[in-house]
Amino acid sequence: MYSLASFLLFIQLVSSLNVAAHPLASPTTEAEALLKWKASLIINQTNSHLSSWTYFSTPKATTGPCNWFGISCNTAKSVVAINLSSSGLQGTLKEFSFSSFPNLISFNLSMNMFFSTIPHQISHFPKLSYLDLSSNQFSGKIPPEIGSLTNLKVLQLHQNQLNGSIPASLCNLINLVELHVQMNRLTGPIPPNLVHLEKLTVLNMFKNQLSGPLPSQIGNLKSLLRLSLESNRLSGLIPASLGDLINLVVLRVSNNTLSGSIPKEIGNLKSLKYLGVSMNQLNGSIPPSIGGLNNLESLCLRENQLSGSIPKEIGNLMNLKVAQLDTNQFTGYLPENICKGGLLRNLTVNDNHFVGPTPKSLRNCASLFRVRMERNQLTGNVSEIFGVYPYLNYIDLSNNKFYGEVSRNWGQCTNLTTLQIAGNNLSGSIPPELGRMSQLRELILSSNHLVGLIPKELGSLTSLLKLTLNDNKLSGGIPFEFGSLTDLKELDLSFNRLTQSIPQVLGDLVELTNLNLSNNEFSREIPDQLGSLVHLSHLDLSHNSLGGEIPSQLSNMVRLETMNLSHNNLSGSIPTSFENMQALFNVDVSYNELEGPIPDGKAFRGASPEALQGNKGLCGNVGGLQPCNNIDFKMSKNDHKMAAFLITFPILGALIFLFSLLVFFARRNKNGRKEQRENIMQDGRSNYEEIHDFSVLNFDGRSMYEEIIKATDNFDSVHCIGQGSYGTVYKANLPSTKIVAVKKLHQLREGDNRLHTEFLNEIKALTEIRHRNIVKLYGFCWHARHSFLVYEYMERGNLGRMLREENEAKELDWSKRVNIIRGVAHALSYMHHECSPPVIHRDISSNNILLDSEFQACVSDFGTAKFLNPDSSNWTALAGTYGYVAPELAYTMEVNEKCDVYSFGVVSLEILVGKHPGDLISSITTWSSPSSAPQHHHDQVAVVDILDQRLLPPTHDDDVAWEVVSLVKIALLCLNDSPQCRPTMKAISQVMWPQRLHLSKAFPLFTFHELLHPTAFTS
């Protein structure tokens, strides 16, 4: 990304275009060299930035290439700058004639797809001052000949696949101001002679495989403002000479293997704003001299072996916003004045040995956003030492020695998403005021001494994903209001004193993956409705007083892995339908009153004797049980039902089948072959009774149909991987080809025009468009029994599900999220601007974006897509997913591409925020003009405040940080209430990913104040 020095250099280059040309320069020679190079490139001809590169076809050939895209000349019409950044070019530099451009000052090919090595001939630019080959796929070594470019001020080679060592010849670049080689595969040591580059202000080498020590004389780089060496394999001590870098603003050496202590000379860096030495092997104590860093905003010392107490001098850091001290061996008290400046946002001191009360300054520290204190020995009355925090998003106080009651003040922390106070000595009841925390996603109060009823107000926490209140002394029943917690993934109420029956409304919590109600006093029967929990992996109802029979509906839990029903009063036989539970591998039904044969499923065949003991009369071929032929047992109520079902269903099915045949042939004779073909598919693809089209797979339709039926066990729910509004999706492993996804339509009935339309619409759309970020349609089948579509299989499923899953969302780091947004943008740009007629999706949402094994995004579900007709109006019925639909569709039904642009903005924010932005959209879009931007410090909001808190925020000197900022800005532009003011997807696609200067020119609509301020990002 452009730094300040890069920007100043750009201004200098523009002002220098009137210099005299090199005597050997020739416009004709330069033009011919450029055209020869162009001929070697792979260029998208439908959207080529180089279409203006035609020399002999114009009458003004004497002007040379000076009017070509990306080319700048001096007054002598000699090329002085080539800027082809973000131009979608692919190729190499092998055919580039470096010697043909003796006057070249700036050469920028960043953010393209250039590959192969960087040629040694790059040294033939005698005047070159700016070289940017970043964000490509260059490989091989950095050519040592670059060291001969003695006029070079900025060298950007980052984000490629370069390997080998950093050439020592770079120390000859005596005018170098910025050196960026980060995010490559470079090895070996940092060349010691680099310390002689006295003009260097930025040195970025992070995310490589560099080894060895830091140069002992690194203090010679007196002009250095930013030093980023994190995520390498550097070892040894931190040299004391670092203290001589008195102009340094950012120091980042985290995630290496540095050892020894932090030198006290660090205290000399009076300009330092960011100090990051986390994830090393540092030991010793924090030098008190750090308290003299008056400008310090971020102090990151986490995951080392530091010990001793925190020096009280840290209280002098009036600008401190981030203090990451966790996962060390610190002892003693927390500094009393750690929030003296009133700016502290991020405090992580977890996993240490701190004792005593928390600092009083924290009670009134209203700026707090993220607090982690878990796993220490902190004490104090938890209801008195913490206040009300309007910005607080995450707090974990677990596994300390806090006491007292849960404060009612937490209910006023309306932005809180996680509240964890497990493993303390809390008493009293759970305050109903907690039900006011509308954003709460995790409430964990387990392993305390809480008493009383579970407040029904917790049922208002509709964003809740995890509720664990286990290991307390709670009484009463589960509130009926819990049926509203439809997003809940984990519910653990075990080891309490809960009574009454298990409420049927728990069957409405269809997203549950873990349900633990064990070790309570629940009675009556297990509700049948629990069978609706098809995503459940772990079920534990043990150690209660449950009676009656085991509901056969529990076999609908196709993903259940462990089931513990032990130590209850269950009777009857175990339902035979449990044999179909393919995912179940661990079961315990011991100490009940069960009888009869055990099901012939792998979980029961592999069960231990202890898991089956203590029952009335179970039998089967399992150790510890008698064979069933030696035991007389009564048929249970469930078995009677099953027997009746097995007798009745085949007879009823046969009658229905015969009736269907009569109806089918009657319609066939009435309508005729031609009419039915036209009704099914207007493009002539139908084959009367069946339609098969597997043109991509190149297989016979009928055999492929039979293969899919077999691979899915006739669409058994075991193979189900998702459900949509008009179909269920199954995974099919086809032995003759590959794994595919099969969307089986819900039953197509006569007159159901919507399903017919969506089926045909999806076929029409996906057979006419092809793009790497649009899901591939392999084929379709229309059949009297089953109608389905066959797609490429996307291993990671839909994006919306991944964002909702805690662990899977953490796999989506910032780079992956940026790439997902980029992929969706390219797909929509292709649909809107490269298809004829243009295709409007109309239902862009996170659930309709699929991810493959490499996290590449594909847009799917084209059932509501619309082909724009340029010759008539495009009025249509409302379509789309609530929360993603453009606001103008509430009063007009005329669809255009700006509807997709709005939905793209919502999805982009959702990816960055980690959940549907909801109310954030209406509040954040009010910043879109300077007049409504925050005017006061307490009103300012940083990007980091709205980003997904499950990830560490991107850091302000990392490329991805600026990409994230840019994406927030683009997303807000897409959410403009006026469709005309939204950018086109083509403009968005082309600007990805812009340097900050480029972005401000492309979208100069508003400024974000603190929103775009670099210091908004912390690590």
Side-chain angles (χ1 to χ4, degrees), residues 1 44 85-90 110-115 134-138 158-161 182-185 206-207 231 771-776 792 794-803 805 808-831 844-860 903-914 943 947-948 950-955 958-971 974 985-996 998-999 1017:
M1 297 301 158
N44 184 349
S85 176
S86 304
S87 296
L89 302 177
Q90 183 176 2
S110 63
M111 291 179 286
N112 284 289
M113 291 178 285
F114 288 104
F115 58 92
S134 64
S135 300
N136 281 287
Q137 299 171 21
F138 286 113
H158 57 278
Q159 205 165 345
N160 280 288
Q161 300 173 24
Q182 69 270 21
M183 302 175 73
N184 280 288
R185 302 171 183 175
F206 58 88
K207 291 187 179 178
S231 299
H771 191 274
R772 61 174 298 188
N773 296 114
I774 295 175
V775 68
K776 294 181 179 67
E792 65 174 319
M794 306 295 282
E795 292 84 349
R796 298 190 180 272
N798 74 65
L799 172 64
R801 182 193 60 79
M802 283 204 72
L803 291 174
E805 294 281 353
E808 294 192 38
K810 292 177 181 178
E811 291 187 60
L812 294 174
D813 59 31
W814 295 116
S815 295
K816 291 187 180 75
R817 298 189 189 207
V818 167
N819 283 331
I820 290 170
I821 297 174
R822 176 191 288 124
V824 176
H826 292 338
L828 290 176
S829 176
Y830 165 80
M831 291 161 53
I844 293 296
S845 69
S846 58
N847 287 336
N848 288 341
I849 296 170
L850 305 179
L851 303 178
D852 66 11
S853 60
E854 301 298 324
F855 298 94
Q856 293 298 317
C858 280
V859 176
S860 69
S903 302
F904 170 78
V906 178
V907 170
S908 297
L909 273 186
E910 181 176 359
I911 293 171
L912 299 175
V913 174
V943 170
L947 296 182
D948 193 341
R950 293 170 293 186
L951 301 181
L952 288 175
T955 55
D958 197 346
D959 290 345
V960 73
W962 296 118
E963 292 176 339
V964 170
V965 172
S966 302
L967 286 176
V968 172
K969 186 172 182 178
I970 291 173
C974 296
M985 289 309 306
K986 183 175 183 179
I988 295 171
S989 179
Q990 288 178 344
V991 82
M992 288 187 174
W993 299 115
Q995 295 159 337
R996 297 188 69 209
H998 187 184
L999 179 64
F1017 288 96

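Scope of the values below: all heavy atoms of this structure, side chains included, with no hydrogens, waters or symmetry mates.
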**Report entry** Check: I911 and S846 side chains under 4.5 Å, non-hydrogen atoms
**Finding:** no
Query raised in the report: Any donor and acceptor pair, going by atom type alone, linking the side chain of R772 with main-chain N or O of G823 inside 3.5 Å?
Result: no
**Report entry** Heavy-atom check, side chain of M794 versus side chain of S860, under 4.5 Å
**Finding:** no
Query raised in the report: Do side-chain atoms of N136 reach the backbone of S134 as a donor and acceptor pair under 3.5 angstrom?
Result: yes
Query - Test item: R796 side-chain N/O and Q856 main-chain N/O as donor-acceptor pair under 3.5 Å - result: no
Query - Atom pair CE/CD1 of M831 and I844 - distance to nearest 0.5 Å - result: 6.0 Å
Query raised in the report: Taking only residues two or more places apart in sequence or in another chain, which ones pass ring pair (Phe, Tyr, Trp, His ring centres under 6.0 Å) with H826?
Result: none
Query raised in the report: Which atoms form the tightest heavy-atom contact between G905 and A971, and what is the distance?
Result: O-CB, 3.8 Å
Requested in this report: Determine, step by step, whether R801 and N847 satisfy the side-chain contact (heavy atoms from CB on, under 4.5 Å) criterion, reporting the C-alpha distance in whole Å, the side-chain angles of both residues, the deciding distance to 0.1 Å, and the verdict.
Outcome: CA-CA 7 Å; R801 182 193 60 79; N847 287 336; 5.6 Å; no
**Report entry** Heavy-atom closest pair, residues A827 and I774
**Finding:** CB-CG1, 3.9 Å
Requested in this report: First locate atom CG of L799, then atom CD1 of I849, and finally report the distance between them rounded to the nearest 0.5 Å.
Outcome: 5.5 Å
Query raised in the report: Say you draw a straight line from CD of Q161 to CE of M183; how long is it, rounded to the nearest 0.5 Å?
Result: 11.5 Å
Report task. Would you name the heavy atoms of E963 and V818 that are closest together and state the gap between them? Result -> OE1-CG1, 3.6 Å
Query raised in the report: Side chains of S85 and S110: is there a donor and an acceptor less than 3.5 Å apart?
Result: yes
Report task. Salt-bridge test for K816 and E811: reply yes if a basic N is under 4.0 Å from a carboxylate O, no otherwise. Result -> no
Query - Short side-chain to backbone donor-acceptor contact, N798 and L850, under 3.5 Å - result: no
**Report entry** I821 side chain near L912 side chain, heavy-atom distance below 4.5 Å
**Finding:** yes
**Report entry** Shortest non-hydrogen separation from M802 to L851 and the atoms involved
**Finding:** SD-CD1, 3.6 Å
Query raised in the report: Parallel under 30°, tilted from 30 to 60°, perpendicular over 60°: which one fits the rings of F138 and F114?
Result: parallel
Query raised in the report: Do V960 and S815 have side-chain heavy atoms sitting under 4.5 Å apart?
Result: yes
Requested in this report: Return the minimal non-hydrogen interatomic distance between I988 and A825, and the atom names on each side.
Outcome: CG2-CB, 4.2 Å
**Report entry** Backbone N/O of G914 and side chain of R950: donor-acceptor pair under 3.5 Å
**Finding:** yes
Report task. Could you pull out all residues at least two apart from F904 that satisfy ring pair (Phe, Tyr, Trp, His ring centres under 6.0 Å)? Result -> none
Report summary line: Value for CG (N160) from CD (Q182), rounded to nearest 0.5 Å, stands at 10.5 Å
**Report entry** Test log, rule side-chain contact (heavy atoms from CB on, under 4.5 Å), inputs D948 and R817
**Finding:** CA-CA 11 Å; D948 193 341; R817 298 189 189 207; 3.0 Å; yes
Requested in this report: Using a 4.5 Å cut-off on heavy atoms from C-beta on, say whether the side chain of F115 contacts that of Q90.
Outcome: yes
Query raised in the report: Can you name the ring pair (Phe, Tyr, Trp, His ring centres under 6.0 Å) partners of F855, sequence neighbours left out?
Result: none
Report task. For L951 and L812, work out which heavy atoms get closest and say how close. Result -> CD1-O, 3.1 Å
Query raised in the report: To the nearest 0.5 Å, what is the distance between CG (L952) and CH2 (W814)?
Result: 10.0 Å
